[in-house]
Amino acid sequence: MLIVLDPDAPPAVVAALRARLADAGCALHESRGDGFLALGLVGPLAGFTIEDLRRLPGVRQVLPLRESFKLASREFRPGPTVVRVGSVPVGGEAVTLMAGPCSVESREHIHEMARLTRAAGVPILRGGAFKPRTSPYAFQGLGEAGLRHLRDAADAHGLAVVSEVMDAAQIPLFLEYVDLLQVGARNMQNYSLLKELGRIRKPILLKRGPAATIQEWFMSAEYVMAGGNYDVILCERGIRTFETATRYTFDVSAVPVLKQLTHLPVIADPSHAIGVRDKVIPLARAAVAAGADGVIVEFHTAPEEALSDGPQALYPEQLGQLVRELRGISEVIGRRLLEAAAPAGH
Ligand code: PEP
Ligand code: MN
């Protein structure tokens, strides 16, 4: 149920209403917009009928939340939600980029990557420290040292940081080092991890599982939001189809579908979707043209020597090209590419 409050209700009436519902055992989720305040009541109505709710002081309207994903839906919040990653906004009018290597490989390397990221005007640095590799014999990431190097490098160049958390036990470490916690495609339905991420107050980048429907993906976002962490960014990163020419199949249609159904920001990961360097830029262009609120890409100073995902990593010059092209596309569709100011001395 969505309990829309009377905009003229005095704060004391609103506080009393909240207290009454909370005392009755209702789980309440607040939705605020322009001149709009509503309480989402998800789960059992704790003995209230809809008529009882309508009669409570301060209530203007009681509406059903029809979608099975309640808090992620535009019924709950007409939106759009702007998620702050450090100080960088994702969602809303601007288009926001994130870039970096697949894995943090060494202190020196990630510092150089951070420098190049900032020089390209990209405000958020990515880099995996705990890697979900298909083979247990492949490079698994530098672990905590990787997170530390990533944070130091980002701080040295004025960037925010995103990295993948693989296990609930790692959350305290991530709270210390990162601004945005990525849930990888393979963990999209790890409900115990999602529940724990619902208890923290840092944003989550929720990638789409390679075999997940949009509905299942929404329900995963709902797991995080039901815990009170409303800052979820959805990332389309390709799904498994019968096609073998590309690593996965990028579902470009998911972008406008999601944008209609949810107030959450939606970004795209063309690197993992297509898996082939020379096709990453065209795909990124398509994603922004389709309405994505941002793009996350992998690049590397020497892709041939990368410890993971080298074949899909852009060269640093290509990152500059990507930024220029996405700037143009954003403008054409009435948006603006959010760019980190050029570093001092450049
Ligand atoms: C990654 O971002 O490096 C990654 C492993 O992505 P995904 O979970 O989408 O495969
Ligand atoms: Mn990767």
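Counting convention: from 1, in listed order, for ligands and their atoms alike.
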Between [X] and [Y] (side chain of the first, backbone of the second, donor and acceptor by atom type, cut-off under 3.5 Å), is there such a pair?
X    : Y    : value
Q318 : Y315 : yes
K202 : L175 : yes
T96  : P89  : yes
S31  : F76  : yes
E75  : R66  : yes

Who pairs with A145 by side chain to side chain contact (heavy atoms under 4.5 Å, CB included), at least two apart in sequence or on another chain? R148, H149

Applying side chain to side chain contact (heavy atoms under 4.5 Å, CB included) to N190 and not counting sequence neighbours gives N187, S192, L193

May I ask you to decide if the ring planes of F130 and F174 are parallel, tilted or perpendicular, using 30° and 60° as cut-offs? tilted

Using a threshold of 4.0 angstrom between heavy atoms of the protein and any atom of ligand 1, which residues qualify? C102, R126, K131, P132, E164, Q182, G184, A185, R186, K207, R237, H272, E298

Spell out, yes or no, whether L63 and L261 are grouped together once hydrophobic residues are joined by side-chain heavy atoms under 4.5 Å, including indirect joins. yes

Taking only protein atoms, how many N, O or S atoms are found under 2.8 Å from the Mn ion (ligand 2)? 4

